[in-house]
Amino acid sequence: MCAMKAAEKNAKRRAHYNHLERAVDAEAAKRFHEPTYSQRIPHYVKQVYEQLELAAGLSGFEIAGLRDRRTGREYYKADNEVHERKQEEEP
């Protein structure tokens, strides 16, 4: 009788830890694919890009990219989303 209880406890413990491992793996995978806060495009950049694109479109022009004077970061549109252009390091 005692051996049965020990086996049941071990099975429950094993199931509990297996569940935790799956939950941690799912969270880690989710965080791996999500951009961190510093990698996200600021909301104001998206808004400015959309507004400039509308104004330029009325005149038959297209916005090729934006550069933030304050930070020096460059943004461009691809796949219907605004992306940050990675700056190449100077030698």
Side-chain angles (χ1 to χ4, degrees):
M1 185 84 174
C2 288
M4 190 64 163
K5 285 185 180 180
E8 287 176 14
K9 283 184 180 180
N10 285 338
K12 285 183 181 181
R13 186 178 296 123
R14 210 173 16 257
H16 174 72
Y17 284 111
N18 286 341
H19 168 74
L20 288 178
E21 284 180 8
R22 280 193 303 274
V24 168
D25 288 345
E27 282 296 312
K30 183 179 172 185
R31 271 189 257 113
F32 179 75
H33 293 291
E34 286 180 358
T36 61
Y37 182 75
S38 64
Q39 294 171 328
R40 293 182 188 150
I41 304 301
H43 184 68
Y44 75 92
V45 171
K46 291 178 184 177
Q47 285 183 324
V48 168
Y49 206 100
E50 289 173 5
Q51 292 169 358
L52 287 173
E53 205 170 44
L54 285 173
L58 292 173
S59 302
F61 290 96
E62 181 180 32
I63 302 295
L66 295 175
R67 186 173 58 80
D68 190 339
R69 283 189 220 162
R70 186 174 53 86
T71 62
R73 292 181 176 173
E74 294 183 3
Y75 301 95
Y76 67 98
K77 193 158 192 173
D79 306 326
N80 244 358
E81 287 187 23
V82 179
H83 300 280
E84 182 178 348
R85 189 177 316 266
K86 302 295 180 195
Q87 295 184 6
E88 292 126 21
E89 294 186 19
E90 297 176 15

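Hydrogens, waters and symmetry mates play no part in the numbers below; they use all other heavy atoms, side chains included. All of these numbers come straight from a predicted model, not from anything done at the bench.
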Residues Y76 and A64: closest non-hydrogen pair is CB-O, 3.8 Å
Rounded to the nearest 0.5 angstrom, the CD1-CZ distance for I41 and R73 is 8.0 Å
Which residues pass the salt bridge (Lys or Arg N to Asp or Glu O under 4.0 Å) test with E50, not counting sequence neighbours? none
Excluding sequence neighbours, so at least two apart, what forms side-chain hydrogen bond (donor to acceptor under 3.5 Å, both in side chains) with R13? N10
Give every residue pair that meets the ring-ring contact (aromatic ring centres under 6.0 Å, His included) criterion with at least one member in residues 40-71, sequence neighbours excluded. none
Hey, what do you get for CD (E84) to OG1 (T71), rounding to the nearest 0.5 Å? 7.5 Å
Can you name the closest pair of heavy atoms from V48 and L66 and give their distance? CG1-CD1, 4.2 Å
Once side-chain hydrogen bond (donor to acceptor under 3.5 Å, both in side chains) is applied, what residue pairs with a partner in residues 57-67 remain, sequence neighbours excluded? none
